[in-house]
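What follows is a short report on a single structure.
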Amino acid sequence: MRAFAVARFLAADAVRSQRFLIPLFLHGAILAVLFGGDPGPPPAPWAASALALYPIAAWLALTVANTEDPVQRTVTVAAAGGQVPVAAGTLLVALAGDLLLAVLSVAWPVVATGYPHPPAVLVEGLLGHLACATTGTAVGLLCARPVIGKIGWSLLAAVFVVVVTGVQPWLPPVGTSVAALEAGAGYPPLALGAVLGLALAGVAAGISAAVARRS
Amino acid sequence: MPVRPGALRLEAIRKSYGGAPEVLAGVDLGVAPREIVVVAGANGTGKSTLLRIAAGCSRPTSGRVRGRAPVVGYLPDRFPSQLRMPASAYLKHLAALHREDATAAAVSAAELLEALGFVGSTRTPMSGLSKGNAQKVGLAQALCCSAGLLVLDEPWSGLDAPAAQVLLGRLAAAADDGASVLITDHTGIATALAGARHLRLQDGELRPAPPQPAGQAPLVVVELWCPLDPAAAAAALAPFVRASPAGDRLIVHVPVGRSDALLRAALDLGCSVLSVAPAPDWSR
């Protein structure tokens, strides 16, 4: 699968360039603040960390998608045999980042607080974070090259979309997942949110590939 | 890995961006295995667009591309990089994308970079490479992957004369191995490629074009010391342009594609080579 070769290539440069460090540290700082002191029993405190993960994941996806110069990207596309493996590889790296940040967010209060965290609650937390993170990935991919070429417009568009969609408790998958974590509504709405978020990320990668083909 | 060739066929290719006039207005082009096609044309005539479509980076607005080889080596018009990874890591990843064996690709890329006169470390970040060195890394990723289709946009851009010679040899060798080769060139160096088909892109259409006369090719200045009468040596080297005696030395200006033949002839005459350098007016 050439998508995995693309993913290894993009991940290698993300690690070497240390561009992934800022979103990672920022999220770590948010977790430290949220789970310092007494956050209360799970899963309610995860509502805030999951919501925070939404823009962080968008940032990460934008960074990964903009790793290469547009001209150099043409070399990668020719080598990989088309836009689809390149878009899929970008998606894979962003999703791997989502998983890492989601696991970190779920594990933090387990270590930092004294509350019991039964496995069912851990699954809820993980699904809620994945729902927000994958939706963030979708936003990031749609705001990055080749859909939006200029980084200034990319940031403006991503911030606008995240702010508008992140604060609607009725809006799936982010709003509903955050609300479900807050209310302790169990895992069905969270699983639905995660599946929906993953689907959105997949659609965003597809749109990205389609736009690139027309260039 | 053996080259897996393909008979590339572009059929009725049209391309337009937004509401702008068509860049390509119905281009038909076939590039057979072992064939070298050179496309010339003024700036902005759509050569790069045509090559991007041939390489599979861009889709035509209408028309079809058939028979593209499974592995494509592509070099864009300029090869900028904002990557933090060093050239060695980049070449390793590109070899994986090209589905080429990593060890074999690393060996052949290192050998090509040395032949091209790559200076500096392959551990310098790609973003820190000079234009010439970046171009050499770009050539290495395209030429060291057993590609069945080579699509090179102005491959001689930014190369010095010795590297230009090396590239000529590599392109001929790639074609001999069965690759289809499609290049653009406005340095005139491609006129030295034996058996290449020369085309011209004008008004969005491809037409046959005679190769540019060799006199327009960039020149190499060769300085010789000849024990026999320099004037007689100049006469003997007459097939090569502009041989002028300077004291007991002989200055010869020769098109880049023929400099090797000149050196052979000069050595056969018993002359010694004092220097070989690109002409001062070497430019794109």
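Values below: all heavy atoms of this structure, side chains included; hydrogens, waters and symmetry mates excluded. To find a chain, count down the sequence lines: A is the first, B the second, and so on, and within it residues start at 1. Just so it is clear, the structure is predicted and the values come from calculations on it, not from any experiment.
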Which bit of A/Q83 is near chain B, if near means a heavy-atom gap under 4.5 Å: side chain, backbone, both or neither? side chain
Using non-hydrogen atoms and a 4.5 Å limit, figure out which bit of B/R52 sits close to chain A: side chain, backbone, both or neither. side chain
Mind checking side-chain contact (heavy atoms from CB on, under 4.5 Å) for B/R14 and listing every partner two or more places apart, or none if nothing turns up? B/E22, B/A25, B/S62
Here the gap from A/Q72 atom CD to B/L83 atom CG, rounded to the nearest 0.5 Å, amounts to 4.0 Å
Among B/P86, B/P60, B/P80, residue most engaged with chain A (heavy-atom pairs, under 4.5 Å): B/P80
Test your reading of the model: is there a side-chain donor-acceptor pair from B/Q82 to the backbone of A/N66, 3.5 Å cut-off? yes
Atom group of B/A147 that falls short of 4.5 Å from chain A, counting heavy atoms: neither
Contact listing (chain B partner; residues 90-100 of chain A; heavy atom under 4.5 Å): none
Can you tell me if CZ on A/R73 sees more than 12 non-hydrogen neighbours from other groups inside 6.0 Å? yes
Contacting moiety of A/R214, where chain B heavy atoms sit under 4.5 Å: backbone
Is any side-chain heavy atom of A/D69 closer than 4.5 Å to a side-chain heavy atom of B/S81? no
Measure B/R68 against the heavy atoms of chain A and call it side chain, backbone, both or neither at under 4.5 Å. neither
Shortest non-hydrogen pair, A/A78 vs B/C57, comes out as CB-SG, 3.9 Å
Assess whether atom OH of A/Y187 is packed by more than 12 heavy atoms of other residues, nucleotides or ligands within 6.0 Å. no
Ranking B/P76, B/A55, B/G138, B/A142 by heavy-atom pairs under 4.5 Å to chain A gives rank one to B/P76
Heavy-atom proximity to chain A below 4.5 Å, by part of B/F79: side chain
Neighbour count above 12 (heavy atom, 6.0 Å) for B/R78 CZ: no
Identify the two heavy atoms, one from A/A80 and one from B/L97, that lie closest to each other, and give their separation to 0.1 Å. CB-CD2, 4.2 Å
Within the structure provided, determine whether B/Y90 and A/V75 are in side-chain contact (heavy-atom separation under 4.5 Å). yes
Which residues from residues 10-26 of chain A are near chain B, with near meaning under 4.5 Å between non-hydrogen atoms? A/A12, A/D13, A/R16, A/S17
Sort by residue number and list every residue of residues 141-175 of chain A having at least one heavy atom under 4.5 Å from chain B. A/R145
In terms of heavy-atom proximity below 4.5 Å to chain A, should B/P70 be classed as side chain, backbone, both, or neither? backbone
Chain A contact via B/K15 - side chain, backbone, both or neither, heavy atoms under 4.5 Å: side chain
